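To keep things clear, I will list the structure first and then write my remarks on it.
In listed order, ligands and their atoms are each counted from 1. Quick caveat, the model's predicted, so the values are computed rather than measured.
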Amino acid sequence: MKLLEGNVVGTGLKVGIVAARFNEFIVGKLVSGAQDALVRHGVSADDIEIAWVPGAFEIPLIAQKMANSGKYDMVLCLGAVIRGSTSHYDLVCNECAKGVAQVSLSAGIPVLFGVVTTDTIEQAIERAGTKAGNKGYDVACSGIEMANLIRNL
Ligand SMILES: Nc1c(NC[C@H](O)[C@H](O)[C@H](O)CO)[nH]c(=O)[nH]c1=O
Ligand SMILES: CC(=O)[C@@H](O)COP(=O)(O)O
């Protein structure tokens, strides 16, 4: 993908993305949004690596592997958890969020929580590139900010 950009200086940042396949019609848009934000802000497309996992519950484990590998300046966690008719939604959301937070603190690098958690499909669509923006784009921008902040500490 070649974007017509201004004179964007390459950041040299290396980015790992963990994406959940569940609700892929949403998560695919989050991944595209994250890639767009990263490249527009100077990250080389060659410095972005994506690992797909079955669902949001599996994100923390692979995020941990990436974060502890020493290969990445940040890890973006992308997924979409949409409430069903049982309490499974709450368990998946809570464990995913808790796991991602624990990985970031233990690895000492930015591990961003870009998992959309919604009651309806419409809410998820709104956050995957329509009226509520693209949460993948947003967390990528936050990741760049955090990585640069850590570089300067
Ligand atoms: N219902 C959703 C899930 N459920 C699957 C779990 O994340 C996990 O893969 C399974 O429990 C096996 O360990 N995952 C999502 O990402 N989004 C959902 O809406
Ligand atoms: C978030 C989920 O795990 C959900 O899709 C599962 O649906 P259900 O609660 O109806 O089994």
- Looking at ligand 1, does any of its N/O atoms fall within less than 3.5 Å of an N/O of Ala56?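 Yes, there is a polar N/O contact under 3.5 Å.
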Quick one: does [X]'s side chain have a donor or acceptor within less than 3.5 Å of a partner on [Y]'s backbone?
{"X": "Asp47", "Y": "Val43", "answer": "no"}
{"X": "Ser104", "Y": "Val100", "answer": "no"}
{"X": "Asp36", "Y": "Ser32", "answer": "no"}
{"X": "Asn134", "Y": "Tyr137", "answer": "yes"}

May I ask you to list the atoms of ligand 1 that are less than 4.0 angstrom from any heavy atom of [X]?
{"X": "Phe57", "answer": "6 (C), 7 (O), 8 (C), 13 (O)"}
{"X": "Gly55", "answer": "7 (O), 9 (O), 14 (N), 16 (O)"}
{"X": "Ala80", "answer": "15 (C), 16 (O), 17 (N), 18 (C), 19 (O)"}
{"X": "His88", "answer": "4 (N), 11 (O)"}
{"X": "Asn23", "answer": "17 (N), 18 (C), 19 (O)"}
{"X": "Ile82", "answer": "19 (O)"}

Kindly indicate whether the side chain of [X], heavy atoms from C-beta on, has any atom under 4.5 Å from the side chain of [Y].
{"X": "Leu76", "Y": "Leu30", "result": "no"}
{"X": "Val81", "Y": "Phe22", "result": "no"}
{"X": "Gln102", "Y": "Pro60", "result": "no"}

- Going by the atom numbers of ligand 2, which of them fall below 4.0 Å from some non-hydrogen atom of Ile82?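 Going through ligand 2 atom by atom, the ones under 4.0 Å from Ile82 are 1 (C), 4 (C), 5 (O).
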- May I ask you to list the atoms of ligand 2 that are less than 4.0 angstrom from any heavy atom of Val81?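 In order of numbering, the contacting atoms are 1 (C).
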- Task: Would you check whether Gly79 reaches within less than 4.0 Å of ligand 1, judged by its heavy atoms?
- Result: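 Checking ligand 1 against Gly79, which is what was asked, there is no heavy-atom contact under 4.0 Å.
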- Nearest heavy atoms of Ile144 and Ala37, plus distance in Å: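 For Ile144 versus Ala37, the nearest heavy atoms are CD1-O, 4.4 Å.
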- Query: Which heavy atom of Glu49 sits nearest a heavy atom of Met66, and at what distance?
  - Reply: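 Closest approach of Glu49 to Met66: O-CE, 4.0 Å.
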Nearest protein heavy-atom contact for [atom]: which residue, which atom, what distance?
{"atom": "atom 7 (O) of ligand 2", "answer": "Gly84 CA, 3.7 Å"}
{"atom": "atom 6 (C) of ligand 2", "answer": "His88 ND1, 4.1 Å"}
{"atom": "atom 10 (O) of ligand 2", "answer": "Ser85 N, 2.9 Å"}

- Query: How does Thr86 reach ligand 2, by side chain, by backbone, by both or by neither, if only non-hydrogen atoms under 4.0 Å count?
  - Reply: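 For Thr86, backbone and side-chain atoms both sit under 4.0 Å from ligand 2.
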